[in-house]
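These notes are about the structure you will find just below.
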Amino acid sequence: AELIIGYGRSPDDASVTVEVPNHCWAAVCVEGRWCLLDCTWKSFCAPPFAFFMQHFPLQRRWQLLPELKTKDDFWEMPRYSADFALLGLEIDGPIQS
C-alpha cells in the first residue's frame with residue numbers, strides 16, 4: 001500500500017482553488033493492479049478518471065490515467081460528483097466557462 005498526498009475537492013467547493021496539499025488517500029495493489037482508495041470520501045477502487053475528478057496527487061504517476069493531467073487541468077475542470085463518471089457519462093466537446 002502507498003500513502004498519496006495531494007489536493008482534494010468536492011462538487012460543493014464552487015470555484016475554490018487550494019495552493020497547498022489538503023488531502024491524502026491510499027493506493028493498494030490488488031492482483032497486480034493499482035487501486036485508489038479514499039476512506040474519508042467513501043471512494044473505493046473507482047475508475048481512475050472518476051477518482052481524478054476529486055483527487056490530484058502530488059506525484060502524477062498516481063493519477064493512473066492514460067494521459068497525465070496538470071494541476072491546472074484539475075482545478076479548471078467543472079465541479080461535479082465522481083458519480084458522473086461512475087455512471088459512464090462523459091463530457092462531449094471542449095469545456096468552457
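Hydrogens, waters and symmetry mates are skipped; everything else that's a heavy atom, side chains included, is used.
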Which atom pairs, donor and acceptor, lie under 3.5 Å between side-chain atoms of residues 21-32 and protein residues at least two apart or in another chain?
residue	atom	partner	partner atom	Å
N22	OD1	G8	N	2.7
N22	ND2	G8	O	3.2
H23	NE2	D38	OD2	2.6

Shared hydrophobic cluster, F44 / F51 (ILVMFWY, side-chain heavy atoms < 4.5 Å): no
Give a yes or no on whether V18 and W41 share a hydrophobic cluster (residues Ile, Leu, Val, Met, Phe, Trp, Tyr; joining criterion: side-chain heavy atoms under 4.5 Å apart). no
Partners of [X] by side chain to side chain donor-acceptor pair (under 3.5 Å), sequence neighbours excluded?
X   : answer
K69 : none
T70 : D73
Q59 : W62

Tell me whether R9 contacts the main-chain N or O of T17 through its side chain, where contact means a donor paired with an acceptor under 3.5 Å. no
Do Y7 and H55 have side chains that get closer than 4.5 Å, going by heavy atoms? no
With side chains defined as the heavy atoms from C-beta onward, is the minimum distance between Q63 and F49 less than 4.5 Å? no
Checking F52 now: which residues fulfil ring pair (Phe, Tyr, Trp, His ring centres under 6.0 Å) with it, not counting sequence neighbours? F74
At what distance, to the nearest 0.5 angstrom, does NZ of K42 lie from CG of L37? 15.0 Å
Pick one: which of L36, I4, L64 meets side chain to side chain contact (heavy atoms under 4.5 Å, CB included) with P57? I4
